[in-house]
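Residue numbers run from 1 in the order of the sequence given. Remember, it's 1-based here, ligands and their atoms both numbered in the order they're listed. Quick caveat, the model's predicted, so the values are computed rather than measured.
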Amino acid sequence: MKRQIGVVVLATAVLGVAGAAASTAARPDRDPVRLSATPERVEVVGLPCLPSSFQLGLTNTSTADLYADALLAAGGPVVLDRELVSSWLPAWDPDHTVSARVGVTVPRDAAPGVYDVRVTTDGARLTVPVEVLPLPPKGPGDNLALGEQATASSTHANFDVCGAADGNTDSEQWDTLTGWNDGTSGVFPDTYDVAMAAPATVGRVETWTLDSARYPAARYGLRDFDVQVRVDGGWQTVDEVRGNSAGRVTSTFPPVTADAVRIVGLASNNGDYSRLVEVEVFTS
Ligand SMILES: [Ca+2]
Ligand SMILES: [Ca+2]
């Protein structure tokens, strides 16, 4: 019995030494991939329409073409949209970095703090810190729709349904997907909903339609639309906007307890699409 244990320990020790030596000797050839993250540190908040991401970079620093597998593992409450980035990395001169987007989310109840995403290839390692920020306040005076789950009757392939719930009201950034554009040209109505985490008192909705120097609301914005709130599972119309040519429309109405808000697009000024830059919901 004793002898057997001794043999096992000895074998482990020999393997360990051999492994370490082989790794060190072969490192320049085995480990030519350099990993990087942009940004180097990621911030994320636990709201469904405020996802975060980083670009994982893989750089072949050797003179031989190679194929790299980067494995990703997240700590704590962090959820990644992929666990593997594989890429063919030709031996460019000068070195060239291949990038892949990695989506980062956390659940609503994630505890604020810093968690690590670990990225490993055969020899290279990278740690990407992910800071979970506290949830934004959702009290009186705050935008109750910020970052909450948006859904729509359709969404144009170039757009993200979360665009009009991301807190960005700047039409000049339309081309960077800060808004929502429906996917059925010339066909109305279109609906855009934002569901709140819990029923709340709602008395004002700010509807921001596309209105930039290049795409003025009088030509590209929503002309006719209804504002609705969901009460006990049913939609109630609280404002009917007609003939609009402004970028921002304020709808105020008697406060009601609702758990979602809907914009019903009935016509746009040029007749093609419903376009929203942001939908904000307030108590008063
Ligand atoms: Ca927006
Ligand atoms: Ca449509």
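- Salt-bridge check for Arg242 with Asp224: failed, with every basic side-chain N at 4.0 Å or more from each acidic carboxylate O.
- If you look at the Ca ion (ligand 1), the protein N, O or S atoms less than 3.0 Å from it are Gly163 O, Asp166 OD1, Asn168 O, Thr178 O, Val277 O, Glu278 OE1.
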Starting from the C-alpha separation in whole Å, work towards a yes-or-no answer on side-chain hydrogen bond (donor to acceptor under 3.5 Å, both in side chains) for Arg223 and Asn244.
CA-CA 4 Å; Arg223 187 187 75 194; Asn244 174 62; over 6 Å; no

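- The closest approach of Asp182 to the Ca ion (ligand 2), by N/O/S atoms, is made by OD2.
- Remark: at the Ca ion (ligand 2), atom O from Val187 and atom OD1 from Asp190 enclose 90°, rounded to the nearest 10 degrees.
- Ion pair Asp81/Arg101 flagged as a salt bridge, since at least one NZ, NE, NH1 or NH2 atom sits closer than 4.0 Å to an Asp/Glu carboxylate oxygen.
- At least one N/O/S atom of Thr184, from backbone or side chain, sits under 3.0 Å from the Ca ion (ligand 2).
- No side-chain donor-acceptor contact under 3.5 Å links Ser87 to the backbone of Leu89.
- For the 3.5 Å distance criterion, the side chains of Asp170 and Asn168 fail to qualify, holding no donor opposite an acceptor.
- Here Arg41 does not pair with Glu43 in a salt bridge; the nearest charged N to carboxylate O distance is not below 4.0 Å.
- Side-chain contact annotation: Thr97 with Thr59, donor-acceptor N/O pair under 3.5 Å present.
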